Amino acid sequence: MIDCREAVRRMWLYLEAALDGPHNDELEQHLDTCTRCCGELEFSRRLRELVVDRAATPAMPPEVRQRIELLLTAAEPEPEAGR
């Protein structure tokens, strides 16, 4: 059976369904008995989902960004004279 270090090393490949049969089976056997690595797997799964969701979010159009920057610049207080 593999140890926790090896299980964590394989997790991203596991989540991408890129592990070959024996390596996949060894990881699943480890996960059957190790609650710590099950937590690591759940964290990795959620992190992966967040990254995928974030990548699917459309970028802000450049003209909108420019307008916001202009508004923020205009809202900055003027430096006081003599300071």
Side-chain angles (χ1 to χ4, degrees):
M1 185 177 320
I2 62 173
D3 61 8
C4 292
R5 177 177 288 175
E6 181 61 21
V8 170
R9 193 181 72 73
R10 294 181 187 183
M11 278 188 197
W12 287 106
L13 292 173
Y14 179 78
L15 289 172
E16 294 170 0
L19 280 177
D20 63 17
H23 288 108
N24 190 73
D25 294 345
E26 288 174 339
L27 178 60
E28 287 181 347
Q29 287 174 359
H30 180 82
L31 292 170
D32 285 342
T33 61
C34 184
T35 57
R36 178 176 165 236
C37 286
C38 284
E40 290 284 337
L41 179 63
E42 184 61 24
F43 174 81
S44 298
R45 188 174 276 139
R46 288 184 183 191
L47 179 61
R48 186 171 186 267
E49 290 170 1
L50 285 172
V51 169
V52 168
D53 288 346
R54 181 71 174 138
T57 303
M60 183 184 305
E63 60 274 5
V64 173
R65 180 178 294 280
Q66 289 172 344
R67 290 180 70 193
I68 291 171
E69 288 173 356
L70 285 171
L71 288 170
L72 290 173
T73 301
E76 289 179 359
E78 295 289 325
E80 294 182 28
R83 282 196 172 189

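Everything numeric in this text was worked out from a predicted model, so none of it was measured. Values reported hereafter were calculated over all heavy atoms of this structure, with side chains retained and with hydrogens, waters and symmetry mates removed.
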Practice task
Treating Ile, Leu, Val, Met, Phe, Trp and Tyr as nodes and any side-chain heavy-atom pair under 4.5 angstrom as an edge, say whether W12 and L50 lie in one connected cluster.
Solution key: no
Practice task
Return yes if some donor-acceptor pair links the side-chain N/O of R10 with the main-chain N/O of H23 below 3.5 Å, else return no.
Solution key: yes
Practice task
To the nearest 0.5 Å, tell me how far L15 CG sits from L41 CG.
Solution key: 5.5 Å
Problem - Side-chain heavy-atom pair T33, M1 within 4.5 angstrom cut-off - result: yes
Exercise for the section: State whether R46 and E42 are salt-bridged, where the test is any N-O pair (Lys NZ or Arg NE/NH1/NH2 against Asp/Glu carboxylate O) under 4.0 Å. Expected result: yes
Fill in the blank from the handout: Rounding to 0.5 Å, atoms CG (L47) and CD (E40) come to a distance of 11.0 Å
Practice task
Please round to the nearest 0.5 Å and tell me the distance separating atom CZ of R67 and atom CG of L70.
Solution key: 9.0 Å
Problem - Shortest non-hydrogen contact between I2 and L27, atoms and distance - result: CD1-CA, 3.9 Å
Practice task
Quick one: pull up CZ in R48 and CZ in F43 and give me the separation to the nearest 0.5 Å.
Solution key: 14.0 Å
Completion exercise
Between the CD atom in E26 and the CD atom in Q29, the distance rounded to the nearest 0.5 Å is 7.0 Å
Completion exercise
When rounded to the nearest 0.5 Å, the distance separating CZ of R36 from NE2 of H30 is 8.0 Å
